[in-house]
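Before any comments, here is the structure.
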Amino acid sequence: MSTTTQILSSIPVDALTGAISVPIYQTATFVQEAPGVNKGYDYSRSGNPTRAALEEVLAGLEGGATGLAFASGLAAIDTVLKLLKSGDEILAVDDIYGGAYRLFTHVYEKFGIHIRYIDTSDVVLVQRSITPATRLIWLESPTNPTLKVSDIKAIASLAKAHGAWLCVDNTFTSPVLQKPLALGADIVVHSATKYLGGHSDLIAGAIVAKDPELGARLKFLQNAAGNVLGPFDSWLVLRGLETLPLRVRQQSQSAWAIAQYLETHEAVAAVYYPGLTSHPNHELASRQQKGFGGVISFRLKQDDQQSATAFLKTLHLFHLAESLGGVKSLCCLPCEMTHKSVPREKRLLTGVTDGFIRLSVGIEETEDLIADLEQAFERLAGNGIEAGIPEHLLATA
Ligand code: P1T
């Protein structure tokens with residue numbers, strides 16, 4: 001069955017009225033017939049029918065036993081970390097979303113959880129880095145923002161052999177392009193703010209656990225701390241999911257064309273996109289993913305913040321904003337925006353320079369997006385001040 005058919009057929013029709021759109025149960029509580037006697041719901045933190053419909057679809061899409069919907073991607077990540085206890089260790093990918101880095105390092109380190117960031121695209125390094133204290137291996141694949149790809153299947157068997165959980169942040173590919181649980185991961189998390197929601201109009205997160213017992217532990221933690229997604233936002237994500245395969249297909253096609261365009265552009269020093277044969281993990285990505293997604297990163301030859309900022313400010317269709325995966329194209333400067341909480345020296349080690357640019361490709365026509373980039377390159381070439389060349393040098397140039 002295709003993913004589109006799977007999504008559309010698994011969203012339930014309302015049993016009471018036949019409504020084809022899941023009703024929004026905007027309620028805090030549910031009236032009980034007698035204490036403890038209810039119709040399956042007692043209080044919306046513990047469970048809500050609109051959220052439950054979404055959670056069911058998420059579990060199905062990722063191929064897991066339990067789906068859980070959260071108030072944000074970070075709330076979902078936070079809940080996975082609560083599986084750990086003091087003295088446990090996390091091995092995490094070194095190129096990681098800045099907010100996840102902040103949560104790991106600045107919140108969980110102080111509770112005695114040790115985090116080591118390594119290049120997980122190197123399986124041998126992962127193997128060497130596991131210690132008896134390693135309880136969780138954390139991957140983003142592809143990573144945010146350098147689009148590095150790690151071998152989920154190989155790392156899953158290492159994790160299993162050492163009694164650690166493997167959690168994959170599947171935000172960048174969505175279940176349309178990659179199914180980490182089928183490759184052996186134990187947990188998948190999402191910033192549902194991105195592709196799953198798809199319209200940049202909500203903040204949401206998701207967890208899918210492969211195993212029902214682990215799912216029940218995560219559900220307990222979610223309810224205990226109250227990190228839930230509200231009914232209306234649950235409905236918005238459900239509605240977004242209906243077009244997920246169509247959006248991701250268009251975004252991937254455009255991104256591939258744009259990555260090729262950028263790679264041959266004289267003003268570009270490097271392009272990071274797993275769909276390019278020049279990408280170091282291209283072969284693995286082709287095997288592991290059904291497509292390469294809608295995010296591309298690149299560096300200008302003038303690899304400094306001033307030039308990159310000038311370039312970003314001249315784009316019209318790519319809006320300068322944090323986030324990704326929505327129908328409208330976005331662009332950002334990770335060093336000042338999404339990855340500001342990662343120390344500069346750590347960022348530079350993973351290649352995220354001060355002039356490093358990230359694009360999130362939307363569903364606009366491919367040629368219009370390329371034309372937008374082209375005019376920005378022309379302005380960069382034609383205008384030394386905007387390109388960051390100091391005025392006193394321009395005078396002598
Ligand atoms: O923003 P939130 O819904 O809490 O999700 C956090 C998150 C988790 N994982 C990945 C891979 C992410 O990219 C994010 C959020 N990222 C951005 C806001 C961004 O622009 O990169």
Side-chain angles (χ1 to χ4, degrees), residues 1-15 18-22 50-69 141-142 149 152-153 156 168-185 187-200 202 204 206-210 215 234-259 273-275 282 284-295 324-328 360-366:
M1 195 191 282
S2 79
T3 319
T4 314
T5 313
Q6 190 196 348
I7 296 170
L8 296 176
S9 63
S10 62
I11 297 177
V13 170
D14 181 42
I20 197 150
S21 170
V22 172
T50 315
R51 195 173 88 228
L54 168 63
E55 293 176 333
E56 198 64 35
V57 177
L58 290 171
L61 273 177
E62 289 287 4
T66 312
L68 298 167
S141 186
V149 177
I152 297 173
K153 202 171 178 177
V168 179
D169 186 329
N170 205 25
T171 299
F172 268 45
T173 39
S174 91
V176 174
L177 301 182
Q178 177 170 272
K179 308 248 193 208
L181 299 184
L183 294 167
I187 306 166
V188 160
V189 299
H190 278 277
S191 170
T193 312
K194 314 297 184 323
Y195 288 100
L196 302 186
H199 295 75
S200 303
L202 59 92
I207 290 181
V208 179
K210 184 155 66 184
S234 297
W235 182 85
L236 278 175
V237 178
L238 263 176
R239 181 181 153 118
L241 284 176
E242 293 182 339
T243 55
L244 176 72
L246 294 175
R247 287 185 279 107
V248 168
R249 195 182 311 151
Q250 176 63 35
Q251 287 164 309
S252 301
Q253 269 174 19
S254 289
W256 190 67
I258 292 169
Y273 187 67
H282 173 70
L284 171 63
S286 309
R287 202 162 14 100
Q288 186 164 274
Q289 301 172 202
K290 272 199 188 155
F292 303 108
V295 179
L324 57 104
V327 291
K328 288 182 185 161
S360 168
V361 176
I363 61 165
E364 302 89 344
E365 293 298 330
T366 316

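Any value given below was found using the heavy atoms of this structure, including those in side chains, with hydrogens, waters and symmetry copies removed.
In Glu56, the CD atom is not crowded: 12 or fewer heavy atoms of neighbouring residues, nucleotides or ligands sit closer than 6.0 Å.
Counting only distance, with no hydrogens or angles, the side chain of Thr193 and the backbone of Ala204 share a donor-acceptor pair below 3.5 Å. In this structure, the side chain of Gln6 engages the main chain of Gly60 through a donor-acceptor pair within 3.5 Å. With hydrogens and angles ignored, the 3.5 Å screen pairs no side-chain donor or acceptor of Arg247 with any backbone N or O of His199. Using a distance-only test at 3.5 Å, with no hydrogens or angles considered, no donor-acceptor pair links the side chain of Lys210 to the main chain of Gly63. Side chain of Ser254 to backbone of Gln251: no donor-acceptor contact under 3.5 angstrom is found. Checking side-chain atoms of Ser10 against main-chain N and O of Val57 turns up no donor-acceptor pair under 3.5 Å. With hydrogens and angles disregarded, a donor-acceptor distance shorter than 3.5 Å links the side chain of Ser2 to the backbone of Thr5.
Remark: Tyr273 engages no residue in a ring-ring contact (aromatic ring centres under 6.0 Å, His included) (not counting sequence neighbours). Checked against side-chain hydrogen bond (donor to acceptor under 3.5 Å, both in side chains), Gln289 has no partners two or more places apart in sequence or in another chain.
With contacts defined as side-chain heavy-atom distances shorter than 4.5 Å, the pair Glu62/Pro180 qualifies. Side-chain contact between Val22 and Ile11 is present, with heavy atoms from C-beta onward closer than 4.5 Å. Here the side chains of Leu54 and Thr50 are not in contact, with every heavy-atom distance at 4.5 Å or above. Contact check for Leu58 versus His190: no side-chain heavy atoms found under the 4.5 Å cut-off. Looking at Gln253 and Thr366, their side chains never come closer than 4.5 Å, going by heavy atoms from C-beta outward. Residues Pro142 and Phe292 form no side-chain contact, since every pair of their non-hydrogen atoms from C-beta on lies 4.5 Å or further apart.
The heavy-atom pair separating Thr66 from Gly215 by the smallest distance is OG1-CA, 3.5 Å. Of all the heavy atoms in Thr171 and Tyr195, the pair that sits closest is O-CD1, 3.3 Å. The two residues Thr173 and Val248 come nearest to each other via the heavy atoms O-CG1, 4.5 Å. Across Gln250 and Glu364, no two heavy atoms sit closer than the pair NE2-O, 4.0 Å. Nearest heavy atoms, Val208 versus Ala59: CG1-CA, 3.9 Å. When all heavy atoms of Lys290 and Val176 are compared, the pair lying nearest together is CD-O, 3.9 Å.
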